[in-house]
S.K.: 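The structure is given below, and queries will be raised subsequently.
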Amino acid sequence: MTPAASAALAELTQHFDTTTLVRDPWRLAPLEIDHRERYRGRAAAALFPRSTAQVSAALEICHRHAMPVVPQGGNTSYCGAATPDASGDQLLLCLARMNRIRELRPIDDIMVAEAGCLLAELQQAATAADRLFPLQLGSAGSCQLGGNLSTNAGGTNVLRYGMARDLVLGLEVVLADGRVLETLGSLRKDNTGYDIKSLFLGAEGTLGVITAASLRLFPQPRSVATAFVALGSVQQAIELLAELRSAGGEELTSFELMPRAALQLLNRHLPDRQPPLPLDAPWFLLCELATARRGADTHHTLEDLLSAASERGLLGNAVIAQNERERQALWQLRESIPEAQRRAGPSLKHDVSVPVAVLPEFVTRGTALVEQTVSEGQLIAYGHAGDGNLHFNVSLRDGADAAAFSAREQTLRRAVHDLVHEFGGSFSAEHGIGQSKVEELERYAPALELELMRRIKLALDPQGIMNPGKVLKR
Ligand code: MLT
Ligand code: ZN
């Protein structure tokens, strides 16, 4: 350990008891590896603060000694954003014990919550107050608010409610030097200078530590209808999307596309989760309409819209969930795809977005690219097609050579991301940069934007202690 890190650790040890500052290797081990087991590091210690004051005290000490700090929430990052490096010099800052909902005010439609709250708990608290907190991710039961905001998480309701950034009214952030920036307001209108809080949303803990946020709440939907639809092509999906949007307006909350191959993986690896339709089409769609309007009947609206689309030849078979249990089963299908893919063996992941209008052409060219580049792989491209975001993942084919497959990772990644760039898209639509896409950011971000990012980093974290090596190169 460097002398600086050991001096910081000695001071931290004086300041915090052993239930708060953890050094046992067996307790550190699960925190030092990401959930996909692609990144493994070694931390000097892990701190589990219970309050903003404790985060502030810890950062003040680390800043003085230039000890690097890696914030960690539910450890569900796909990009290694919350995993320490191998030096053994970094402090893991785990926010899990800061899990209070400080305030929920239905009249203002806001909830003030701490960074360690589980997303599912926030959703439940909003529901109990007859409100909706609309961020929804498959990992809701384990991801935490701090991570959601630090990565500007997306998920399955972006079409209607936007990304995590759009759900934030204010933040409490501990800066790299330990000072606390407090903007936990509930105002919808506040035009007072630069929007400083937005810098920390999506910064992946590289500028400071989000400890709490005031969040926007919405009316609880009274009528929800969910359908599972068989489609002949991505082009049909896009045409159906346009119809659902123009007729359903903002009631269309989700539009999730899945290829047959993804559902076949479910069949094999999670056989208790069965699609309600035969897998005789190349694509399937899960779409949902929801509204808080009294007396609305989204079920009939969706039925009418799908019937009209079917008459125009835009879809094959379709089913609409008849009750909440059937609706949950449809969502479980969609949300189980990453797990089925994990069980199927190694996969090469690309989290990309392109303008919706060019999605069909992108999928055609991307599919050809995968076939040419990695014959050991099978494309499993699924995701939030309604907002242009697909998880353009490639799984190892049964019996194919795993070493040859993995050896193609960089070549394929370059080819896919170059194609995305050509289509005016993003190489990281919702999972962030972490440590896995730092090179990509250097390659694809405009030079001026990168320069401004580096200047912001320097201004807010002059010692470079905040999650070094993530988002930007050291
Ligand atoms: C999803 O939409 O299921 C997640 O973002 C996970 C993934 O990339 O596979
Ligand atoms: Zn996703």
Side-chain angles (χ1 to χ4, degrees), residues 34-39 73-82 119-120 134-144 147-148 150-165 202 204 237 253-259 261-263 265-266 269-270 273 283-288 330-354 356 359 363 366 370 377-396 409 412-413 416-417 420 425-434 436-437 440:
D34 72 303
H35 82 288
R36 291 184 66 211
E37 304 188 359
R38 284 178 65 95
Y39 302 95
N75 201 9
T76 56
S77 170
Y78 274 101
C79 306
L119 175 56
L135 187 64
Q136 172 52 25
L137 314 172
S139 57
S142 45
C143 63
Q144 296 172 15
N148 297 152
S150 294
T151 56
N152 185 27
T156 49
N157 286 335
V158 170
L159 202 54
R160 162 75 179 85
Y161 298 99
M163 303 277 281
R165 175 189 300 283
E204 303 183 38
T253 49
S254 302
F255 191 92
E256 298 283 316
L257 194 61
M258 294 157 269
L263 297 164
L265 280 190
L266 278 178
H269 299 285
L270 296 164
R273 297 166 206 187
W283 293 94
F284 291 85
L285 167 75
L286 192 164
C287 60
E288 188 160 281
L330 291 183
W331 275 111
Q332 196 188 32
L333 270 185
R334 160 63 186 90
E335 289 179 347
S336 300
I337 294 174
E339 173 62 12
Q341 220 186 3
R342 200 182 60 76
R343 292 186 187 206
S347 62
L348 312 177
K349 286 184 170 268
H350 312 92
D351 166 35
V352 305
S353 63
V354 294
V356 170
L359 207 51
V363 171
V370 169
Q378 178 188 27
L379 180 64
I380 309 283
Y382 67 93
H384 325 291
D387 58 42
N389 176 196
L390 280 187
H391 300 301
F392 209 75
N393 299 343
V394 181
S395 278
L396 179 67
E409 176 161 14
L412 180 66
R413 173 188 264 223
V416 170
H417 290 169
V420 167
S426 167
F427 67 87
S428 181
E430 64 170 2
H431 293 169
I433 303 296
S436 71
K437 294 180 189 161
E440 307 300 284

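Whatever order the structure lists them in is the order used to number ligands and atoms, beginning at 1. Quick note: numbers below take in every heavy atom, side chains included, and nothing from hydrogens, waters or symmetry partners.
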S.K.: Salt-bridged, R38 to E409, with N to O below 4.0 Å?
M.R.: yes
S.K.: Could you check whether any side-chain N or O of D351 sits under 3.5 Å from a backbone N or O of H431, counting only pairs where one atom can act as donor and the other as acceptor?
M.R.: yes
S.K.: Do the side chains of F284 and P259 get nearer than 4.5 Å, heavy atoms only?
M.R.: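 No, side chains not in contact.
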S.K.: What about H417 and H350, are their ring centers closer than 6.0 Å?
M.R.: yes
S.K.: Is there a side-chain contact (heavy atoms from CB on, under 4.5 Å) between L348 and R413? Walk through the geometry before answering.
M.R.: CA-CA 8 Å; L348 312 177; R413 173 188 264 223; over 6 Å; no
S.K.: Is the Zn ion (ligand 2) less than 2.8 Å from at least one N/O/S atom of E430?
M.R.: yes
S.K.: Is the backbone N or O of Y78 less than 3.5 Å from a side-chain atom of D34, with the two atoms forming a donor-acceptor pair by type?
M.R.: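 Absent.
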S.K.: Apply the test side-chain contact (heavy atoms from CB on, under 4.5 Å) to residues S347 and L396: give CA-CA distance (whole Å), side-chain angles for both, the deciding distance (0.1 Å), then the verdict.
M.R.: CA-CA 6 Å; S347 62; L396 179 67; over 6 Å; no
S.K.: Has H431 got an N/O/S atom less than 2.8 Å from the Zn ion (ligand 2)?
M.R.: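 Given the 2.8 Å cut-off, H431 does not count as a ligand of the Zn ion (ligand 2).
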S.K.: Looking at H391, which of its N, O or S atoms is the nearest one to the Zn ion (ligand 2)?
M.R.: NE2
S.K.: If you count only heavy atoms, which residues are under 4.0 Å from ligand 1?
M.R.: Y78, R334, P338, K349, Y382, H384, H391, N393, E430, H431
